[in-house]
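Notes for the one structure printed next.
All values derive from a computational prediction rather than experimental measurement. Starting from 1, each residue takes its place in the sequence as its number.
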Amino acid sequence: MSAFSSGELLAADPDWWRDAVVYQVYPRAFTDSTGSGVGDLEGVRSRIPYLRDLGVDALWLSPFYPSRLVDGGYDVDDYRDVDPSLGSLATFDAIVHDAHEAGLRVIVDIVPNHSSNRHVWFRQALASVSRSPARARYIFRRGRGKGALLPPNDWQSLFGGSAWQAAGDGDWYLHLFAVEQPDFNWSNREVRDEFLTTLRFWADRGVDGFRVDVAHGLAKDLSPRASVAAVSMGPVGAVDPEAPVRLSDGTDPLFDRDEVHEIFAEWRQLFDSYTPPRSAVAEAWVAPHRRALYARPSELGQAFEFALLEAPWSAEAFEAAILENLALSASVGSSSTWVLSNHDVVRHSSRYGLPEGADLPAWLMSHGVSPAEDLALGLRRARAATMLTLALPGSSYLYQGEELGLPEVADLPVEVLQDPIWERTGGLRKGRDGSRVPLPWTSEGPSFGFGSAAAVLPQPPWFGALSVEAQAGVDGSTLTMYREALALRRSMQRDATVEVRVAAEALYITRSDGWMSVTNFGLVPTAVPTGRVRLVSSGVSAVIEPSTTVWLEVGGVGEHQLG
Ligand code: NOJ
């Protein structure tokens with residue numbers, strides 16, 4: 001794994017994304033530089049030294065575009081600007097500049113499935129008549145029944161309720177997410193060209209890569225025969241556990257259709273016209289063998305592997321997910337990706353502290369009371385899982401705050417909830433805000449160093465004890481563990497192959513570059529392998545404790561402290 005120190009070096013490695021550690025920044029919850037209670041881009045910029053010292057390779061910015069924030073910024077008004085409350089294009093350029101100077105790459109989030117209903121094209125569509133070119137950029141259909149008062153079919157939104165909204169004149173428009181997020185019509189050439197222009201806009205500003213939102217949703221079969229009941233396939237927080245599983249074989253009318261790959265092949269041509277080529281990663285909630293198609297080098301290059309978001313704490317479950325991911329990404333010439341947390345799911349330190357199979361939406365509805373969360377166990381396992389994934393070949397996508405071991409804030413009062421899931425489900429689900437609470441940087445202060453005012457999404461009093469200030473430089477803290485692990489990871493080789501095996505509830509990853517990682521999923525200590533393998537975690541003595549990962553090196557020299 002290469003260490004970059006300057007902008008020149010950044011340009012020198014076109015394959016950087018293959019083993020990058022990417023840190024997801026959710027801008028509104030990262031750092032507030034203005035005292036508004038909401039994070040902004042200047043705040044992100046001020047933390048670039050922190051990200052450099054943490055040792056990540058890239059930052060991925062969740063949407064910062066103009067938005068009314070109906071869906072946390074995934075409702076975009078204008079794809080080629082910055083929301084004035086977050087900064088300006090000049091601030092964005094400064095982030096790219098400073099990040100590159102610090103040896104970090106920048107990935108932006110592209111939201112091509114839907115715009116917001118305030119996008120100029122959607123306003124034009126509403127102001128136009130049925131079957132007009134303006135409406136052809138979105139998905140408008142005549143309603144059913146007398147006066148077209150019924151929606152065209154019974155498709156459901158992933159956020160709850162009908163996926164159709166009446167336009168007022170007998171036409172209805174499709175929104176797979178919130179009402180304020182109308183779906184684009186990707187069979188319209190104008191839509192395709194518009195997104196190519198947007199990708200060029202950001203690539204020309206120096207952006208190194210793109211995270212593609214709902215990549216599996218763009219191509220749709222809207223013929224009348226496709227009017228089957230749609231169910232959820234999307235972020236864990238949004239999925240209805242009662243919903244039947246969709247077929248992921250190209251036959252579903254709304255998701256993962258074969259035609260979607262034409263779109264990404266065209267995007268790849270654009271990415272490859274840059275030096276170095278721009279990278280991309282698909283968010284595609286599809287069956288693993290179908291996910292690999294999005295990750296082909298002729299398309300996006302990578303796709304998020306989400307199996308570990310749903311895997312129980314078991315060596316076999318992790319082994320199965322890892323082996324499948326490694327095999328599928330190798331089969332298409334991609335590199336693997338590893339994700340344990342993001343802004344759509346319950347944070348992994350909470351997931352692992354709950355009984356296996358816990359109903360997460362119900363747990364959130366109980367404000368985190370039932371079932372009870374074992375915070376210490378959850379954190380221990382979360383740290384072990386992170387170390388495990390960081391020892392694997394491929395890229396790791398980290399979510400802001402996981403380096404502090406933050407658990408989910410499960411007891412947010414419903415009055416402060418911002419996620420549309422809360423309203424769209426009529427208060428049956430709280431949604432994803434508990435993973436989006438602003439980060440604690442200091443142990444004290446009105447918002448624990450997030451900004452000079454209280455955060456709009458309130459932080460709990462216990463956040464201060466988990467702050468960066470409380471953990472920086474402290475032996476054994478989660479932050480120290482991340483810093484040490486990321487520094488050590490730089491001496492692992494990008495092209496290493498791995499052997500993965502389970503014995504006595506421990507998962508062994510043996511890398512061809514001489515590193516080994518052992519994770520003890522069991523309840524009793526495991527012996528450190530003997531022979532030429534030497535422990536590099538001086539924090540662990542003769543045994544590997546339960547819920548712990550250690551990294552070992554074959555015949556290495558020098559001691560490393562992993563915390
Ligand atoms: C996936 C994003 O990660 C999520 O936050 C968003 O709500 C949906 N896509 C819709 O854009």
Side-chain angles (χ1 to χ4, degrees), residues 1 17-22 236 248 281-295 301-342 345 348-349 351-352 356 380-399 402 482 485-486 488-489 492-522 526 529 533 544 546-552:
M1 302 191 186
W17 51 274
R18 286 190 168 269
D19 61 348
V21 176
V22 181
V236 170
S248 186
V281 56
E283 186 221 21
W285 291 83
V286 300
H289 70 284
R290 303 277 300 178
R291 188 190 64 238
L293 303 177
Y294 296 76
Q302 269 190 340
F304 287 132
E305 151 67 27
F306 288 140
L308 292 181
L309 297 181
E310 284 159 350
W313 181 252
S314 105
E316 286 75 22
F318 270 65
E319 180 193 35
I322 290 167
L323 287 175
E324 181 172 61
N325 189 15
L326 289 173
L328 285 172
S329 49
S331 74
V332 294
S334 169
S335 78
S336 299
T337 61
W338 309 104
V339 183
L340 291 166
S341 278
N342 65 31
V345 300
H348 65 289
S349 72
R351 293 203 310 272
Y352 298 142
E356 191 177 327
R380 207 174 162 81
R381 288 175 171 177
R383 291 167 51 130
T386 297
M387 292 267 305
L388 187 170
T389 53
L390 288 175
L392 290 164
S395 307
S396 273
Y397 286 82
L398 310 180
Y399 177 50
E402 66 167 83
Y482 270 74
L486 292 174
L488 283 175
R489 187 181 143 98
M492 296 177 184
Q493 286 163 14
R494 179 178 292 164
D495 298 330
T497 54
V498 283
E499 231 179 70
V500 181
R501 76 186 165 87
V502 171
E505 294 193 88
L507 180 61
Y508 294 79
I509 295 163
T510 310
R511 298 176 54 102
S512 58
D513 55 6
W515 288 83
M516 182 184 222
S517 166
V518 185
T519 305
N520 183 357
F521 284 84
T526 298
V533 177
I544 304 169
S547 306
T548 298
T549 296
V550 298
W551 286 359
L552 311 158

Heavy-atom closest contact ([X] atom, [Y] atom, distance):
| X | Y | answer |
| --- | --- | --- |
| Ile509 | Ala391 | CG2-O, 4.2 Å |
| Trp551 | Ala485 | CZ3-O, 3.5 Å |
| Tyr294 | Ala303 | CB-CB, 4.4 Å |
| Glu324 | Pro288 | OE1-CG, 3.3 Å |
| Ala321 | Ala307 | CB-CB, 3.8 Å |
| Pro529 | Leu552 | CD-CD1, 3.7 Å |

Within the structure provided, determine whether [X] and [Y] are in side-chain contact (heavy-atom separation under 4.5 Å).
| X | Y | value |
| --- | --- | --- |
| Glu356 | Trp313 | no |
| Phe304 | Asn342 | no |
| Leu392 | Ser336 | no |
| Glu402 | Ser349 | no |
| Leu388 | Ile322 | yes |
| Thr549 | Leu390 | no |

Tell me if a side-chain donor or acceptor on [X] pairs with a main-chain N or O of [Y] at a distance below 3.5 Å.
| X | Y | result |
| --- | --- | --- |
| Arg351 | Ser341 | no |
| Thr497 | Ser512 | no |
| Thr548 | Ile544 | no |
| Trp338 | Pro393 | yes |
| Thr337 | Glu305 | yes |

Nearest-0.5 Å distance, [atom1] of residue [X] to [atom2] of residue [Y]:
| X | Y | atom1 | atom2 | answer |
| --- | --- | --- | --- | --- |
| Arg291 | Asn325 | CZ | CG | 5.0 Å |
| Asn520 | Arg380 | CG | CZ | 9.0 Å |
| Ser547 | Arg383 | OG | CZ | 11.5 Å |
| Asp495 | Asp513 | CG | CG | 10.0 Å |
| Arg494 | Arg18 | CZ | CZ | 8.5 Å |
| Ser331 | Leu326 | OG | CG | 11.0 Å |

Parallel, tilted or perpendicular: ring planes of Phe318 versus Tyr352, cut at 30 and 60 degrees: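 If you compare the ring of Phe318 with that of Tyr352, the planes turn out tilted.
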Parallel, tilted or perpendicular: which one describes the rings of Trp285 and Phe306, with boundaries at 30° and 60°?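 The arrangement is parallel - the two ring planes meet at less than 30°.
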Which residues satisfy the side-chain contact (heavy atoms from CB on, under 4.5 Å) test with Arg290, sequence neighbours excluded? Ser248, Asp256, Asp258, Val286, Ala287, Leu293
Between Tyr399 and Val345, is a side chain to side chain contact (heavy atoms under 4.5 Å, CB included) present by the stated rule, with each step listed? CA-CA 10 Å; Tyr399 177 50; Val345 300; over 6 Å; no
Full working for side chain to side chain contact (heavy atoms under 4.5 Å, CB included) between Phe521 and Leu507: CA-CA 7 Å; Phe521 284 84; Leu507 180 61; 3.8 Å; yes
Begin with the C-alpha distance, continue with both residues' side-chain angles, and end with the deciding distance and a verdict on side chain to side chain contact (heavy atoms under 4.5 Å, CB included) for Glu316 and Val502. CA-CA 7 Å; Glu316 286 75 22; Val502 171; 3.7 Å; yes
Check: Tyr482/Thr386 side-chain N/O donor and acceptor closer than 3.5 Å: yes
Residues which pass side-chain hydrogen bond (donor to acceptor under 3.5 Å, both in side chains) with Ser334, listed by chain and number, not counting sequence neighbours: none
From CA spacing to verdict: side chain to side chain contact (heavy atoms under 4.5 Å, CB included), Asp19, Arg489: CA-CA 10 Å; Asp19 61 348; Arg489 187 181 143 98; 4.2 Å; yes
